[in-house]
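A quick note: this is a predicted structure, and the numbers were derived from the prediction, not measured. These values consider heavy atoms only, across backbone and side chains, with no hydrogens, waters or symmetry-generated copies.
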Amino acid sequence: MTTIQDRPLPGLLPGLSVAYGRPHRDGAVLDLFTSWARRTPNAPALIDGGLTLSYAELDRLADGIARQLAGRVRPGDLVGLCLDHSAALVAATLAVARIGAVHLPLGPRPGERRLRAVAEQLRPACLIGDPALLPPAHRDGRHHPVTAPGTTGIVAAFAEAADGTDAVRAPKGTQYTVLTSGSTGLPKAVAVGQTALGALLTWYRELTGLGPGDRHSLLIGVAFDPHLMELWAGLTSGAALCVAPEAVRWDPAALTDWWRTAGITVGVLPTPLAEPVLDRPWPADLPLRHLTVGGDRLRRTPGPDVTATVHNAYGPAEATVTTTVHSMAPGAEHGAGAPPIGRPVPGAIVLVADENGRPLPRGEAGELRIGGQGLAIGYLDAGLTAERFVSAPDDLDGTDRVYRTGDRVLMRADGVLEFLGRLDDQVKVSGVRIEPAEVEAALERDPRVRRAAVVARPAPVGGAQLLAFAQPVTEGAQVDGAELLAAVRPWLPEQAVPSVLRLVDGFPLDANGKIDRAALLKAAEAEAQQGAEGSAGSGADGAATPTERTLLRICAGLLGRTDLGPSDNFLDAGGTSVTAARLLAALEEEFEVRLRAPVLLRQPDLRAVARLVDERRPGAAAG
């Protein structure tokens with residue numbers, strides 16, 4: 001467990017909001033995998049359904065990919081992986097590390113235009129993925145097939161630089177780069193060092209006891225930085241990585257069933273999926289010992305029936321996945337409400353600062369700033385790095401720089417941190433940090449849009465929900481909001497696509513001449529309230545059956561919309577993986593019908609979902 005050390009700080013008064021994790025231990029990354037491949041060559045390293053690769057087999061597969069990249073990719077070059085969880089993803093990650101290049105996880109479908117913008121901005125030396133989904137420069141460039149069990153049609157694609165510009169190179173010592181949302185409309189690339197990742201993995205293995213014989217889930221979205229922790233934790237511990245089926249990322253019941261059948265002993269979950277799991281009765285006889293939860297504010301503690309230790313982890317990508325942790329042992333009383341985010345992990349230094357960057361007394365709220373071993377090297381943009389990675393207070397021991405998180409926290413008298421919210425406009429949607437300005441910039445790329453504003457409001461199911469307001473170029477123009485949302489999707493990650501888009505003739509301004517987002521949100525909520533008081537929405541009037549009416553009521557609550565009708569598609573209406581999981585749980589409770597996420601999402605509209613529910617209800621007539 002992490003302990004806190006209060007060191008006497010020259011020039012600083014006792015009782016300030018400064019805390020140190022215990023001394024960290026350095027740890028290897030790639031060398032540890034290689035060591036396990038030699039010591040336990042026949043032990044399972046990767047399990048994906050019916051496919052099992054031993055450490056020796058995975059090692060050979062990674063070597064083959066490394067040979068294909070050699071000569072075209074140099075140490076320090078960026079290699080983007082446009083892959084989902086698979087043997088190809090894991091082997092390519094190892095191969096990139098083996099040649100000293102920098103791993104850039106992008107996921108299987110980052111969005112065509114967004115991926116093109118990233119390719120133009122960062123100019124990665126290579127993209128690995130389905131050539132049909134790659135941007136034109138890579139789609140039309142030189143390809144080398146990447147062969148891996150269970151994978152077909154994957155290539156390593158090299159773009160020829162028409163203007164002679166070189167690829168962007170990461171700073172020396174960089175292990176990986178991840179993208180975070182940026183206010184300029186383009187994502188920011190964070191460079192994380194090998195030593196920071198190695199120290200994180202050493203702590204995580206000690207925290208969970210992860211080792212040979214364990215099975216660790218591989219579930220977190222590939223572009224989300226905790227994915228790097230779960231992937232490398234398994235490969236550096238002698239444990240087996242188990243690829244989660246697609247359905248379990250939407251369905252809490254399917255997830256816990258998979259934990260049991262796959263024998264998962266250690267796992268990581270994004271907060272929006274963990275909360276529905278913790279809301280349900282904990283299944284008996286699960287082998288799961290440790291569950292780490294992160295990505296958003298956890299709003300509840302585990303119940304007394306939970307048999308795994310639950311770790312509430314906090315940390316931005318700029319501080320290597322995890323900075324603080326609060327562990328909740330099984331069978332104990334953890335209180336009601338949101339648990340704290342805890343104490344710093346080994347090597348981390350945290351302080352709660354005022355607007356001038358000076359530590360505040362404990363018990364006072366301020367901005368969380370992070371220093372120490374886990375800090376990222378910076379962004380691949382010196383200007384952005386200078387803005388967020390700033391000098392530490394002169395009297396702060398053990399670090400010369402700190403990262404400004406923008407998060408508002410409070411340090412209790414016992415040194416435990418409580419998370420209070422954001423200081424700026426950045427919000428978290430389904431566990432992913434989103435800059436509303438990035439969404440606005442994406443909307444304003446559409447020639448039909450003069451100006452856009454995006455605001456966040458609490459979602460009916462917890463977390464945040466994005467509302468977009470778009471002003472057409474031509475006043476009174478007949479612009480279809482659904483078409484605008486469809487056009488903006490390729491520019492954004494799924495979580496950043498607004499749930500609702502409203503067209504406006506103009507924007508209210510505040511005293512400083514800026515868009516008054518509070519007024520926009522107030523007007524939208526008033527309109528929604530009027531709709532609710534009117535008739536439960538025009539769509540409800542078109543419901544033909546009691547099941548359709550009940551389904552529309554549930555979806556209206558989940559999506560915060562009263563205008564839904566039977567002909568609306570769940571995803572197009574703003575549904576996400578989180579709301580789909582909530583909908584599945586509500587249908588099971590209301591109708592005693594258990595649907596799987598893929599079946600639900602294949603239905604063309606809500607009327608078809610209601611028909612499916614009626615067909616599956618107990619006592620439904622056969623045929």
Listed by chain and number, what are the side-chain contact (heavy atoms from CB on, under 4.5 Å) partners of Ala262, not counting sequence neighbours?
Trp258, Ile264
Indicate yes or no for a side-chain donor-acceptor contact from Thr52 to the backbone of Ile47 under 3.5 Å, with no hydrogens or angles considered.
no
Decide yes or no on side chain to side chain contact (heavy atoms under 4.5 Å, CB included) for Phe570 and Val609, but give the supporting numbers first.
CA-CA 9 Å; Phe570 179 74; Val609 175; 5.9 Å; no
Any side-chain heavy atom of Leu115 sitting closer than 4.5 Å to one from His138?
no
So, taking the atom named CG in Leu583 and the one named CD1 in Ile554, what distance separates them when rounded to the nearest 0.5 Å?
6.5 Å
Quick one: does Pro105's side chain get under 4.5 Å of Val178's, heavy atoms only?
yes
Side chain to side chain donor-acceptor pair (under 3.5 Å) partners of Glu246, counting only residues at least two apart:
Arg249, Trp250
Listing request: all salt bridge (charged side-chain N to carboxylate O under 4.0 Å, His left out) pairs with a residue in residues 276-286, at least two apart in sequence or in separate chains.
Asp279-Arg300, Asp279-Arg582, Arg280-Glu588
Might you point out which heavy atoms bring Gly481 and Leu503 nearest each other, and give the distance in Å?
N-CD1, 4.5 Å
Search all heavy atoms of Pro472 against all heavy atoms of Val504 and return the closest pair with its distance.
CD-O, 3.3 Å
Kindly write out the residues that satisfy salt bridge (charged side-chain N to carboxylate O under 4.0 Å, His left out) with Arg297, not counting sequence neighbours, or none if the list is empty.
none
Residue pair Val455 / Pro436, side-chain heavy-atom distance below 4.5 Å:
no
Side chain to side chain contact (heavy atoms under 4.5 Å, CB included) between Val593 and Leu587, intermediate numbers included:
CA-CA 6 Å; Val593 171; Leu587 293 176; 5.5 Å; no
Minimal heavy-atom distance between Ala610 and Leu551, with the atoms involved, is N-CD2, 3.7 Å
Of all the heavy-atom pairs spanning Asp225 and Ala317, show the shortest one and how long it is.
OD2-CA, 3.5 Å
Sequence neighbours excluded, the answer for side chain to side chain donor-acceptor pair (under 3.5 Å) partners of Thr93 is none
Give a yes or no answer on whether the side chain of Thr271 reaches the backbone of Asp296 with a donor-acceptor pair at less than 3.5 Å.
yes
Minimum heavy-atom distance between Val599 and Gln603, given as atom pair plus value
O-NE2, 2.9 Å
Between atom CG of Asp407 and atom CD1 of Ile341, what is the distance when rounded to the nearest 0.5 Å?
7.5 Å
Should Asp614 and Arg611 count as an ion pair when the cut-off is N to O under 4.0 Å?
no
Could you work out, with side chain to side chain donor-acceptor pair (under 3.5 Å) as the rule, every residue matching Asp568, not counting sequence neighbours?
none
Looking only at atom types and distance, does a side-chain atom of Glu548 sit under 3.5 Å from a main-chain N or O of Arg607, one as donor and one as acceptor?
no
Could you walk me through whether Glu318 and Thr180 satisfy the side chain to side chain contact (heavy atoms under 4.5 Å, CB included) test, starting with their C-alpha distance in whole Å, then the side-chain angles of each, then the deciding distance to 0.1 Å, before giving a yes or no?
CA-CA 9 Å; Glu318 292 84 350; Thr180 66; 3.9 Å; yes
Taken in chain and number order and not counting sequence neighbours, the residues that satisfy ring pair (Phe, Tyr, Trp, His ring centres under 6.0 Å) with His216 are Tyr204
SB check Arg448 Asp446 (cutoff 4.0 Å):
yes
Going by side-chain contact (heavy atoms from CB on, under 4.5 Å), name the residues that satisfy it together with Thr256, two or more places apart in sequence or in a different chain.
Trp259, Val277, Pro283
For Asp130, which residues count as a salt bridge (charged side-chain N to carboxylate O under 4.0 Å, His left out) partner, sequence neighbours excluded?
none
Are Pro226 and Val321 packed together at the side-chain level, in the sense that at least one heavy-atom pair is separated by less than 4.5 angstrom?
yes
Closest non-hydrogen atom pair, Leu89 against Asp84
CB-O, 3.3 Å
Keeping to residues at least two apart or across chains, list the side chain to side chain donor-acceptor pair (under 3.5 Å) pairs with something in residues 589-600.
Asp257-Arg594
Counting distance only, does the side-chain N/O of Gln471 pair as donor-acceptor with the main-chain N or O of Arg450 below 3.5 Å?
no
List the residues meeting side chain to side chain donor-acceptor pair (under 3.5 Å) with Glu230, not counting sequence neighbours, and say none if there are none.
none
Would a 4.5 Å heavy-atom cut-off, applied to side chains only, mark Leu228 and His103 as touching?
yes
Please tell me if the side chains of Leu520 and Pro508 come closer than 4.5 Å, counting only heavy atoms from C-beta onward.
yes
With side chains defined as the heavy atoms from C-beta onward, is the minimum distance between Leu501 and Leu443 less than 4.5 Å?
yes
Can you list the steps and then say if Leu218 with Val90 is a side chain to side chain contact (heavy atoms under 4.5 Å, CB included)?
CA-CA 10 Å; Leu218 187 62; Val90 178; 4.0 Å; yes
Going by heavy atoms in the side chains, are Cys555 and Leu606 under 4.5 Å from each other?
yes
With sequence neighbours excluded, what pairs up with His85 under the ring pair (Phe, Tyr, Trp, His ring centres under 6.0 Å) test?
His227
Kindly compute the distance separating OH (Tyr314) from CG (Asn312), expressed to the nearest 0.5 Å.
12.0 Å
